[in-house]
2 protein chains.
Amino acid sequence: MVVTPGNAAEPCRGCDARALSVCSVIEDKDLCRLASLTHVEAVEPGREFITEGDPADDFFNITAGTAKLFKMLADGRRQITGFAQIGHFLGLAARNRYSFSAEAVDRVRLCRFSRPRLRRLLDDYPAMERRLLDVASNELVAAQEQMLLLGRKTAVERVASFLLGQMAHGGLRGGSPRVIHLAMGREDIADYLGLTIETVSRSFTRLTGDGAIVRHEAANIEILSLDRLRSLAGEGG
Amino acid sequence: MVVTPGNAAEPCRGCDARALSVCSVIEDKDLCRLASLTHVEAVEPGREFITEGDPADDFFNITAGTAKLFKMLADGRRQITGFAQIGHFLGLAARNRYSFSAEAVDRVRLCRFSRPRLRRLLDDYPAMERRLLDVASNELVAAQEQMLLLGRKTAVERVASFLLGQMAHGGLRGGSPRVIHLAMGREDIADYLGLTIETVSRSFTRLTGDGAIVRHEAANIEILSLDRLRSLAGEGG
DNA sequence: ATGCGGTCTTGACATGGATCAAGGTCGCGC
DNA sequence: GCGCGACCTTGATCCATGTCAAGACCGCAT
């Protein structure tokens with residue numbers, strides 16, 4: 001293999017996540033610098049790579065796989081605040097210490113940036129700072145939507161809303177249209193929706209009975225009627 | 001009254017909220033420009049000044065009073081996602097349309113900025129953009145905390161956590177220490193905590209019975225034991 | 001002072017979702 | 001192809017919170 005001068009930019013140039021992430025504001029000619037700042041890692045399923053309360057030294061960009069972000073109470077109750085997938089920027093919701101934990105659901109690939117290095121990059125690229133503000137604003141909108149779900153929706157509405165959200169998140173499988181592949185198990189869904197696994201399961205059964213979905217192997221959900229699913233979700237979302 | 005050349009900056013120079021808000025990054029010499037960009041308004045209790053779904057033409061900065069931010073479902077169920085008080089910057093969680101509504105709880109004073117004007121100000125003051133990112137990050141942390149509350153805490157834990165949050169928010173009255181004045185009624189508290197007013201009321205009664213608080217006229221809550229309140233809240237928050 | 005309307009508290013009862021307890025299903029290693 | 005463990009579904013029962021229904025309290029106008 002021939003090493004060309006442009007090689008140092010390779011990890012970023014070929015990155016599947018670039019177009020979807022904050023890195024898209026970096027021009028091609030500067031990819032080399034971007035690549036020099038970051039450190040690519042793989043995280044095995046079940047491994048925790050951010051721990052609530054630890055010093056928030058790094059930021060992350062997910063390039064493949066799915067991670068869950070969560071907070072816990074002392075007695076073990078857990079709330080998953082979101083799932084991070086390709087292009088998701090992680091660590092914003094941090095001051096000096098991480099305010100949440102993050103764990104890989106399936107095999108995750110990510111880029112790690114140290115805080116001071118990212119700070120310098122942001123100073124040189126005001127557009128990136130603007131992009132981060134957009135990202136944060138979008139997350140805030142999503143968080144408010146989730147508060148509405150957790151505070152006011154019924155179990156069936158929560159599960160229907162969750163499926164609609166997963167559809168939007170490109171969870172659509174290549175082959176068949178309208179089939180959602182769920183990377184996470186029932187326990188994670190329950191902890192995301194503020195329910196128990198039994199109630200999640202019963203809600204899937206209920207959605208099936210109502211003719212909105214069909215289950216194939218628990219992780220693959222086929223949407224039979226988007227309209228019905230929407231109306232069962234309590235609103236558009 | 002003598003009109004001096006510096007007068008145009010007056011609304012901002014004397015602003016109680018400046019030190020607490022994003023405006024603090026604007027230097028004194030430029031207050032005049034800041035003042036020219038904004039438009040001061042008063043909002044009467046119960047009036048809605050942001051409506052979900054409307055074009056998001058303006059941003060707001062609260063300078064006095066308390067506003068509630070909320071989302072509703074078609075059938076009238078409501079979730080209050082937060083209360084905005086002095087220094088709070090509003091409208092971030094917006095793209096082209098507002099994703100939430102806002103209504104004055106008591107008499108609110110606010111500054112209104114048009115979107116394009118704020119954009120130009122941000123371009124001249126990168127520090128303000130950075131400050132906004134900090135603001136958004138903090139709100140994200142608060143939103144995640146609230147998701148934990150809504151998804152996993154019991155009624156008493158929610159009310160105890162709410163009181164601790166109100167204490168932190170400078171809700172402490174000047175005179176007595178440890179007395180919290182609640183600007184909002186029980187219905188707003190219920191819609192913020194994902195409960196009914198009856199359950200909020202019973203939780204206050206329970207906290208009283210446990211010796212954590214005393215109620216004076218429903219809106220004034222005296223904290224008898226911060227430790228007890230903390231432990232009843234399920235954690236630090 | 002008196003009465004009125006709005007807000008808060010309390011009580012009795014109903015219920016959605018949690019908990020407890022089996023089974024069922026699937027994938028994987030031997 | 002068999003058995004084991006992990007995960008999912010289903011059923012029976014329980015309980016925290018919601019719902020329905022009085023009252024109590026308070027500020028306010030007369």
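Just so it is clear: chains get the letters A, B, ... in the order the sequence lines come, proteins before strands, and each one is counted from 1.
Looking at residues two or more places apart in sequence or on another chain, you find a side chain to side chain donor-acceptor pair (under 3.5 Å) between A:D75 and A:R77. Among residues two or more places apart in sequence or in another chain, the side-chain contact (heavy atoms from CB on, under 4.5 Å) test is passed with A:T208 by A:I213, A:R215. By the side-chain contact (heavy atoms from CB on, under 4.5 Å) test, A:S231 is found to be paired with no residue, residues two or more places apart in sequence or in another chain being considered.
A salt bridge is defined here as a Lys NZ or Arg NE, NH1 or NH2 lying under 4.0 Å from an Asp or Glu carboxylate O, and B:E145 with A:K71 meets this definition. Note on A:K68 versus A:D106: no salt bridge recorded, every NZ/NE/NH1/NH2 to OD/OE distance being 4.0 Å or above. Salt bridge status for B:E44 with B:R107: present, with a side-chain N to carboxylate O gap under 4.0 Å.
For A:D188 and D:dA6, the CG to P distance is 16 Å, given to the nearest whole Å. Separating the CG atom of A:N220 from the C1' atom of D:dC8 is a distance of 14 Å, rounded to the nearest angstrom. Between the CZ atom of B:R158 and the P atom of D:dA16 there is a distance of 14 Å, rounded to whole Å. Following rounding to the nearest Å, A:I213 (CD1) and D:dT9 (C1') show an atom-to-atom distance of 13 Å. For A:R77 and D:dA16, the CZ to P distance is 13 Å, given to the nearest whole Å. One interatomic measurement links the two molecules: CG of A:L150 to P of C:dG17, which rounds to 13 Å at whole-angstrom precision. Atom-to-atom, CD of A:E217 to C1' of D:dA6 comes out at 16 Å; the value is rounded to the nearest Å.
Among pairs with a residue in residues 38-57 of chain B, those fulfilling ring pair (Phe, Tyr, Trp, His ring centres under 6.0 Å) read B:F49-B:F60, at least two apart in sequence or across chains.
Atom CD of B:E48 has more than 12 heavy atoms from other residues, nucleotides or ligands within 6.0 Å.
Of the side-chain N and O atoms in B:T196, one or more sit less than 4.0 angstrom from OP1 or OP2 of D:dG18.
Tested against A:F162, the residues A:L195, A:L149, A:L182 include a single side-chain contact (heavy atoms from CB on, under 4.5 Å) partner, A:L182.
Comparing the helix axis at one end of the helix from C:dA1-D:dT30 to C:dC30-D:dG1 with that at the other, each defined from 5 consecutive pairs, gives an inter-axis angle of 30° (nearest 10°).
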Practice task
Do nucleotides 2-16 of chain C as a string where each nucleotide becomes B, S or -: B if the base has a protein heavy atom under 4.0 Å, S if just the sugar-phosphate does, - if no protein is that close.
Solution key: ------SBBBB----
